[in-house]
Amino acid sequence: MKALILVGGFGTRLRPLTLSVPKPLVEFANKPMILHQIEALKAVGVTEVVLAINYQPEVMLNFLKEFETKLGITITCSQETEPLGTAGPLALARDKLVDESGEPFFVLNSDVISEYPFKEMIEFHKAHGGEASIMVTKVDEPSKYGVVVMEESTGQVDKFVEKPKLFVGNKINAGIYLLNPSVLDRIELRPTSIEKEVFPKIAAERKLYAMVLPGFWMDIGQPRDYITGLRLYLDSLRKKASPKLATGPNIVGNVLVHETAKIGEGCLIGPDVAIGPGCVVDSGVRLSRCTVMRGVRIKKHACISSSIIGWHSTVGQWARVENMTILGEDVHVCDEIYSNGGVVLPHKEIKSSILKPEIVM
């Protein structure tokens with residue numbers, strides 16, 4: 001089996017982190033976002049993953065070379081010279097996706113984090129005999145999204161309603177598809193949307209089916225959702241009683257700590273925290289709802305909540321960092337500084353407090 005991951009462009013919504021690496025390589029729960037997907041695909045027998053990309057393909061491929069051998073899976077790139085939307089890339093990668101087997105192939109949005117029930121999806125797809133399967137997820141506020149209207153018992157999709165004013169349903173497209181090769185015959189090589197142009201036509205022919213995603217789902221393409229996604233992901237690890245979760249007197253709730261990180265005396269860590277490799281957390285530090293990436297140093301009695309601390313940054317003694325503060329790579333926050341929602345570009349030193357959410361260039 002094969003899979004296409006829609007990587008796309010610059011990852012502007014996750015800047016300043018994406019100024020240092022392409023978005024799919026930004027760590028989520030101590031593992032590059034895209035690796036969560038590739039490992040899950042490999043587990044159901046996918047042998048080749050194609051990345052549809054229009055930005056820095058060399059960086060991606062060089063990084064993923066090491067995982068090709070580790071996981072025993074082929075990873076290639078299909079590079080767009082112009083952005084092709086969500087369907088155009090399938091036409092561009094056609095020759096990589098189709099072989100004589102006629103097997104269906106997966107298509108994934110690279111920002112989506114979930115429990116990836118690919119095995120169940122393959123069974124669902126084979127059982128209904130249609131042309132395409134999509135995953136849908138239930139949301140509390142469907143009016144913000146495109147809603148999938150479907151027949152509950154069979155999963156057959158009736159239609160799509162974009163940002164409905166009146167309630168038509170609460171299931172939205174989760175960005176995970178399983179498609180027969182014949183779907184490619186419906187797609188022209190031009191900028192085009194699979195959600196708005198391709199799927200409605202398949203639905204009109206009664207050949208599109210939707211499966212409700214079990215477990216959690218999040219599009220982690222922007223900071224607030226990244227932090228929420230981390231909570232949901234750690235929660236699912238807790239439900240599986242994962243040995244990866246940290247334990248100890250200074251741990252509250254669900255916390256991931258890389259084995260090479262060092263944590264001082266009298267800290268209080270959690271809930272919903274990920275601490276990356278090589279981090280040094282000094283004594284008396286308080287961390288909650290945050291991600292601390294590789295090589296960060298947090299000095300004594302600093303307090304960090306609802307924030308992302310980029311690679312090799314430093315947070316000074318008694319500093320307070322909160323409210324969706326995002327520090328890019330190699331940012332140094334001086335002692336006793338307060339950051340309220342500061343978004344700080346790489347290689348900066350912060351000597352005065354950031355009192356309201358703003359970008360620090």
K.L.:
Which heavy atom of His36 sits nearest a heavy atom of Ile113, and at what distance?
P.N.:
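Smallest heavy-atom distance, with atoms named: CG-CD1, 3.9 Å.
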K.L.:
Backbone N or O of Leu6 within a donor-acceptor pair of the Ser110 side chain at under 3.5 Å?
P.N.:
yes
K.L.:
Is the side chain of Gln37 donor-acceptor paired with the backbone N or O of Asn109 at a distance under 3.5 Å, no angle test?
P.N.:
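Looks like yes, one N/O pair under 3.5 Å.
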K.L.:
Do the side chain of Thr18 and the main chain of Lys23 share a donor and acceptor less than 3.5 angstrom apart?
P.N.:
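Flag not set: sc Thr18 to bb Lys23 has no pair under 3.5 Å.
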K.L.:
Side chains of Cys279 and Lys262, heavy atoms from C-beta outward: is any pair under 4.5 Å?
P.N.:
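Side-chain contact under 4.5 Å: no.
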K.L.:
Report yes if the side chains of Ile326 and Ile309 come closer than 4.5 Å at any heavy-atom pair, otherwise no.
P.N.:
no
K.L.:
Quick one: side-chain hydrogen bond (donor to acceptor under 3.5 Å, both in side chains) partners of Arg286, sequence neighbours excluded?
P.N.:
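For Arg286 there are no side-chain hydrogen bond (donor to acceptor under 3.5 Å, both in side chains) partners, ignoring immediate neighbours.
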K.L.:
Kindly say whether Ser182 contributes a backbone atom to a donor-acceptor pair with the side chain of Asn180 at under 3.5 angstrom?
P.N.:
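No, the answer is negative, given that no donor and acceptor are paired below the 3.5 Å cut-off.
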K.L.:
Only counting residues at least two apart or in another chain, list the ones meeting side-chain contact (heavy atoms from CB on, under 4.5 Å) with Glu66.
P.N.:
Lys70
K.L.:
Go through the steps to decide whether Leu41 and Val49 satisfy the test side-chain contact (heavy atoms from CB on, under 4.5 Å), and finish with yes or no.
P.N.:
CA-CA 8 Å; Leu41 288 165; Val49 174; 4.2 Å; yes
K.L.:
Would you say Glu162 has more than 12 foreign heavy atoms packed within less than 6.0 Å of its CD?
P.N.:
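Atom CD in Glu162 is crowded, with more than 12 foreign heavy atoms closer than 6.0 Å.
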K.L.:
Answer yes or no: is there a donor N or O on one side and an acceptor on the other, between the side chain of Thr86 and the main chain of Ile194, under 3.5 Å?
P.N.:
yes
K.L.:
Should Arg94 and Asp185 count as an ion pair when the cut-off is N to O under 4.0 Å?
P.N.:
yes
K.L.:
Looking at Glu103, I want to see if its CD is surrounded by more than 12 non-hydrogen atoms of other residues, nucleotides or ligands under 6.0 Å.
P.N.:
yes
K.L.:
If you compare all heavy atoms of Pro104 against all heavy atoms of Pro181, which two are closest, and at what distance to 0.1 Å?
P.N.:
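Looks like CA-CD, 4.3 Å.
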K.L.:
Take Gln79 and Thr81, measure what side chain to side chain donor-acceptor pair (under 3.5 Å) needs, and give me the verdict at the end.
P.N.:
CA-CA 6 Å; Gln79 192 184 358; Thr81 47; over 6 Å; no
K.L.:
Mind checking side-chain contact (heavy atoms from CB on, under 4.5 Å) for Lys126 and listing every partner two or more places apart, or none if nothing turns up?
P.N.:
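Testing Lys126 for side-chain contact (heavy atoms from CB on, under 4.5 Å), a comparison that skips the adjacent residues, returns Ile122.
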K.L.:
Testing the basics here: between Phe160 and Pro200, what is the closest heavy-atom pair and its distance to 0.1 Å?
P.N.:
CE1-N, 3.9 Å
K.L.:
What do the steps show when you test Ile354 against Glu358 for side-chain contact (heavy atoms from CB on, under 4.5 Å), and what is the final call?
P.N.:
CA-CA 8 Å; Ile354 302 169; Glu358 62 175 317; 3.7 Å; yes
K.L.:
Let me see the working for Thr74 and Glu68 under side-chain contact (heavy atoms from CB on, under 4.5 Å), right down to the final yes or no.
P.N.:
CA-CA 6 Å; Thr74 310; Glu68 263 196 324; 4.0 Å; yes
K.L.:
Is Arg320 paired with Glu336 through a side-chain N to carboxylate O contact shorter than 4.0 Å?
P.N.:
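No.
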K.L.:
Side-chain contact, heavy-atom cut-off 4.5 Å: Thr76 with Glu48?
P.N.:
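Result yes, sub-4.5 Å side-chain heavy-atom pair found.
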K.L.:
Answer yes when Arg231 and Asp235 have at least one side-chain N-carboxylate O distance shorter than 4.0 Å, and no when they do not.
P.N.:
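Looking at Arg231 and Asp235, the cut-off is not met.
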K.L.:
Keeping the roles fixed (side chain from Asp272, backbone from Val255), state whether a donor-acceptor pair exists under 3.5 Å.
P.N.:
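Not at all, since once roles are kept as given, no pair shorter than 3.5 Å links the two residues.
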K.L.:
Can you tell if the side chain of Ile53 reaches within under 4.5 Å of the side chain of Glu80, non-hydrogen atoms only?
P.N.:
no
K.L.:
Between Thr154 and His128, is a side chain to side chain donor-acceptor pair (under 3.5 Å) present by the stated rule, with each step listed?
P.N.:
CA-CA 8 Å; Thr154 60; His128 68 63; over 6 Å; no
K.L.:
Please report whether the ring centroid of Phe28 lies less than 6.0 Å from that of Tyr233.
P.N.:
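Yes, ring centres under 6.0 Å apart.
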K.L.:
Does a salt bridge link Lys31 with Glu39, judged by any charged N lying under 4.0 Å from a carboxylate O?
P.N.:
yes
K.L.:
Heavy atoms, side chains only, cut-off 4.5 Å: are Leu327 and Ile308 in contact?
P.N.:
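Answer no - side chains too far apart.
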K.L.:
Taking the side chain as everything from C-beta on, heavy atoms only, tell me whether Ile172 gets closer than 4.5 Å to Val136.
P.N.:
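SC-SC contact between Ile172 and Val136 ruled out.
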K.L.:
Run the side-chain hydrogen bond (donor to acceptor under 3.5 Å, both in side chains) test against Ser353 and tell me which residues pass, sequence neighbours left out.
P.N.:
none
K.L.:
Hey, does the side chain of Thr325 reach the backbone of Gly341 with a donor-acceptor pair shorter than 3.5 angstrom?
P.N.:
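Here the side-chain-to-backbone pair exists.
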K.L.:
Please report the shortest heavy-atom distance between Glu195 and Asn173, naming the atom on each side.
P.N.:
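Nearest pair, atom of Glu195 first, then Asn173: CG-ND2, 3.4 Å.
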K.L.:
Any pair with a residue in residues 287-328 that passes ring-ring contact (aromatic ring centres under 6.0 Å, His included), sequence neighbours left out, goes on the list, sorted by first then second residue, please.
P.N.:
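Sorted result for residues 287-328: His301-Trp318.
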K.L.:
Is the number of heavy atoms from other residues, nucleotides or ligands within 6.0 Å of CD1 (Ile359) greater than 12?
P.N.:
no
K.L.:
Are Leu4 and Ile38 connected in the hydrophobic side-chain network, where two residues link if heavy atoms are under 4.5 Å apart?
P.N.:
no
K.L.:
Is the closest basic N to carboxylate O distance between Arg190 and Glu197 below 4.0 Å?
P.N.:
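Counted as a salt bridge, because a side-chain N and a carboxylate O are separated by less than 4.0 Å.
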K.L.:
Mind telling me whether Phe63 and Phe67 have parallel, tilted or perpendicular rings, with 30° and 60° as the class edges?
P.N.:
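If you compare the ring of Phe67 with that of Phe63, the planes turn out tilted.
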K.L.:
Return yes if a side-chain donor-acceptor contact under 3.5 Å exists between Tyr209 and Glu131, otherwise no.
P.N.:
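No, no side-chain donor-acceptor contact under 3.5 Å.
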K.L.:
Within the structure provided, determine whether Val360 and Val343 are in side-chain contact (heavy-atom separation under 4.5 Å).
P.N.:
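Contact flag for Val360/Val343 side chains = no.
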K.L.:
Evaluate Glu322 against Arg289 for salt bridge (Lys or Arg N to Asp or Glu O under 4.0 Å), listing each step before the verdict.
P.N.:
CA-CA 10 Å; Glu322 62 186 27; Arg289 295 181 305 284; over 6 Å; no
K.L.:
What's the shortest heavy-atom distance between Ser114 and Ile176, and which atoms?
P.N.:
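Nearest heavy atoms, Ser114 then Ile176: OG-CD1, 4.0 Å.
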K.L.:
Do the side chains of Glu329 and Lys348 get close enough for a salt bridge, i.e. N-O under 4.0 angstrom?
P.N.:
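No, Glu329 and Lys348 are not salt-bridged.
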K.L.:
Under a 3.5 Å distance rule, please check whether Asn340 uses its side chain to pair with a backbone N or O of Leu355 as donor and acceptor.
P.N.:
yes
K.L.:
Are Ser313 and His332 linked by a side-chain donor-acceptor pair shorter than 3.5 Å?
P.N.:
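There is no such pair (donor and acceptor under 3.5 Å, judged by atom type) between the side chains of Ser313 and His332.
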K.L.:
Side-chain contact test, heavy atoms from C-beta onward, threshold under 4.5 Å: evaluate it for Pro117 versus Met135 and give yes or no.
P.N.:
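Contact flag for Pro117/Met135 side chains = yes.
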K.L.:
Less than 4.0 Å between a side-chain N and a carboxylate O, is that true for Arg294 and Glu27?
P.N.:
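Salt bridge present between Glu27 and Arg294.
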K.L.:
Got a donor-acceptor contact below 3.5 angstrom from the Trp217 side chain to the Ala174 backbone?
P.N.:
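Indeed, once roles are kept as given, a pair shorter than 3.5 Å links the two residues.
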K.L.:
Are Phe105 and Tyr177 an aromatic pair by the rule of ring centers under 6.0 Å?
P.N.:
no
K.L.:
Work out which heavy atom in Ile227 is nearest to a heavy atom in Ser306; give both atom names and the distance.
P.N.:
CD1-C, 4.3 Å
K.L.:
Answer yes if the side chains of His258 and Asn30 hold a donor-acceptor pair under 3.5 Å, and no otherwise.
P.N.:
no
K.L.:
Does atom CZ of Arg206 have more than 12 heavy-atom neighbours, drawn from other residues, nucleotides or ligands, at distances under 6.0 Å?
P.N.:
yes
K.L.:
Any side-chain to backbone donor/acceptor pair from Lys2 onto Lys96? Under 3.5 Å, distance only.
P.N.:
yes
K.L.:
Answer yes or no: does atom CD of Glu205 have more than 12 heavy-atom neighbours from other residues, nucleotides or ligands under 6.0 Å?
P.N.:
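Yes - once you tally the heavy atoms of other residues, nucleotides and ligands closer than 6.0 Å, there are more than 12.
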K.L.:
Output all residues satisfying side-chain hydrogen bond (donor to acceptor under 3.5 Å, both in side chains) with Thr291, sequence neighbours left out; order by chain, then residue number.
P.N.:
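Testing Thr291 for side-chain hydrogen bond (donor to acceptor under 3.5 Å, both in side chains), a comparison that skips the adjacent residues, returns none.
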K.L.:
Pair Thr314, Val296 - check side-chain contact (heavy atoms from CB on, under 4.5 Å), show working.
P.N.:
CA-CA 6 Å; Thr314 313; Val296 165; over 6 Å; no
